[in-house]
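Just so we're clear, the structure is a prediction, and the values are computed from it rather than from any experiment. All residue numbers in this chain count up from 1 along the given sequence.
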Amino acid sequence: MPYFDAASAAPLHPVARQALLASLDEGWADPARLYREGRRARLLLDAAREAAAEAVGCRPDELVFTPSGTRAVHDGLAGALAGRRRTGRHLVVSAVEHSCVLASAAALEAAGGSFTAVPVDRAGRVAPGAYAAALRPDTALAALQSANHEVGTEQPVAEVAEECRAAGVPLLVDAAQSLAWGPVASGWSLLTASAHKWGGPSGVGLLAVRKGTRFAFQGPADERESGRAPGFPDLPAVVAAAASLRAVRQEAAEEGARLRALVERIRERVPALVPDVEVVGDPVRRLPHLVTFSCLYVDGETLLHALDRAGFSVSSGSSCTSSTLAPSHVLQAMGVLSEGNVRVSLPAGTAEEDVERFLDVLPGVVASVRQQLGAPASPGPARAAATGSGLVIDSLGKRCPIPVIELARAIGDVPVGGLVTVLSDDEAARLDIPAWCDMREQEYVGERPAERGTAYVVRRRG
């Protein structure tokens, strides 16, 4: 069964497996002890740190291993903010950061600090000068991912780092998605990453803090990992993580070029094979292995289950795959279609024939899901009520993509220039109705509060 969700967790790399098994026998002792077994464990830990630091582009004594990439982010943000508390308690992030970064920002705000979320364009990229404009005299820290985890867009790290340097503000870079493909551009002050994103074992994160960066670890003091990652390290996992990072980086140029060609095939052929699809993310400045597209009139969760039954493991940023029923914050910040969202992220070694089979299967799967949901065929009875100013569609209590489907089925019932108003209390409608208008060349007039939910107004163009 083809696994196309490497952005969530890459399969364990063969080098990681070999290193893990070998270090289970050699690296079980406490590396802080001076007896023979401890010294052997310490040698393994030091070698792993040197290998990881070389891949990151920092000194070994600037890098520590944490229990996860999320832990590295939380500790990195908290430590840097605490180290610069005299400057202020303001944080700058992009609107498309990983949820763990945004959770830390929200915690800062709840504790009396503040943060600014820098907007992105429709490709998911921050604009030049946007961070410089968001920095304030009380800004203690800025954070920016090197590449987006949902759409693959690479961020202008070097430019943002220079803007932060000019303002005297340290920059934390979340490199979880990109580190396997190459070093991050210089200029950062802190960097985080997660081993399971590149084929290492889960439960290992990296936190690098450049010398000269003010940093105060938050939590009880601990003598391990320079006081920045308390507790006994999972040494076999750490060794496997460092060994696999070195291995994937050696393979990155050749494998990245191969996967980029396969992803380009998906980007080009999906819109030709499946009607009413929007491929999102930057088409050029992107990760080589990841592509995301959204399908009109499709429930994301239903589509993912259907693809799973067809033999493909993919993921989604669609609201319907979330327990909160809220649209993906990344897609929302980009202003693109969120319904029927599919993220394909190819692991190393993906076979060309598996991609071809996915492209063969996808059109039928999408058509079947659309048929199940009643995607536009003819206007439904009692769905639209005539008013003096057009039609009103009551979609209150209905979730994605039903409000958009009902809009599509009703738009033909008004004359050119006529209005259709959709009443919806689903947050995804705020994103998906304007996106539908762009895709179907209809005019999105705007929204207004309604007695319940929100009224979204669309004018028929043709």
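Atoms CZ and CD, from Arg125 and Gln155 in turn, are 6.5 Å apart once rounded to the nearest 0.5 Å. Atom-to-atom distance recorded for Leu331:CG and Ser316:OG is 8.0 Å, nearest 0.5 angstrom. Expressed to the nearest 0.5 Å, how far CD of Glu54 lies from CZ of Arg249 amounts to 8.5 Å.
Looking only at atom types and distance, the side chain of Ser114 has no donor-acceptor partner in the side chain of His90 under 3.5 Å away. Asn148 and Thr153 form no side-chain donor-acceptor contact under 3.5 Å, judged by distance and modelled atom types alone. Residues Ser315 and Asp5 bring a donor and an acceptor atom of their side chains to less than 3.5 Å of each other. With 3.5 Å as the limit, one finds no donor-acceptor pair spanning the side chains of Thr454 and Glu447. Side-chain N/O atoms of Glu97 and Ser94 include a donor and acceptor closer than 3.5 Å.
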Item to check | Derivation of the side-chain contact (heavy atoms from CB on, under 4.5 Å) call for Val120 and Met334 | outcome: CA-CA 6 Å; Val120 297; Met334 294 167 62; 4.1 Å; yes
Next on the checklist: Run the side-chain contact (heavy atoms from CB on, under 4.5 Å) test on Gln218 and His74 for me, step by step, so that the C-alpha distance in whole Å, both residues' side-chain angles and the decisive distance to 0.1 Å come before the verdict.
Outcome noted: CA-CA 10 Å; Gln218 299 302 284; His74 289 321; over 6 Å; no
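Using a distance-only test at 3.5 Å, with no hydrogens or angles considered, a donor-acceptor pair links the side chain of Thr66 to the main chain of Ser68. Formation of a donor-acceptor pair under 3.5 Å by the Glu443 side chain with backbone atoms of Arg461 is not found in this model. Under the 3.5 Å distance criterion, the side-chain polar atoms of Arg246 are left unmatched by any main-chain donor or acceptor of Ala55.
Look at Glu255 and Arg258 and you find a salt bridge, because one of the NZ, NE, NH1 or NH2 atoms lies within 4.0 Å of a carboxylate O, short of that distance. Checked for salt-bridge contact, Arg122 and Glu278 meet the test: a charged N lies under 4.0 Å from a carboxylate O. Using a 4.0 Å cut-off between charged side-chain N and carboxylate O, Arg399 and Glu339 make no salt bridge. A salt bridge is defined here as a Lys NZ or Arg NE, NH1 or NH2 lying under 4.0 Å from an Asp or Glu carboxylate O, and Asp282 with Arg286 fails to meet this definition.
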Check residues 182-192 and write down every donor-acceptor pair under 3.5 Å in which the side-chain atom is one partner and the other belongs to a residue at least two apart or another chain.
none

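For Phe4, the ring-ring contact (aromatic ring centres under 6.0 Å, His included) test picks out Phe312, Phe358, with sequence neighbours left out.
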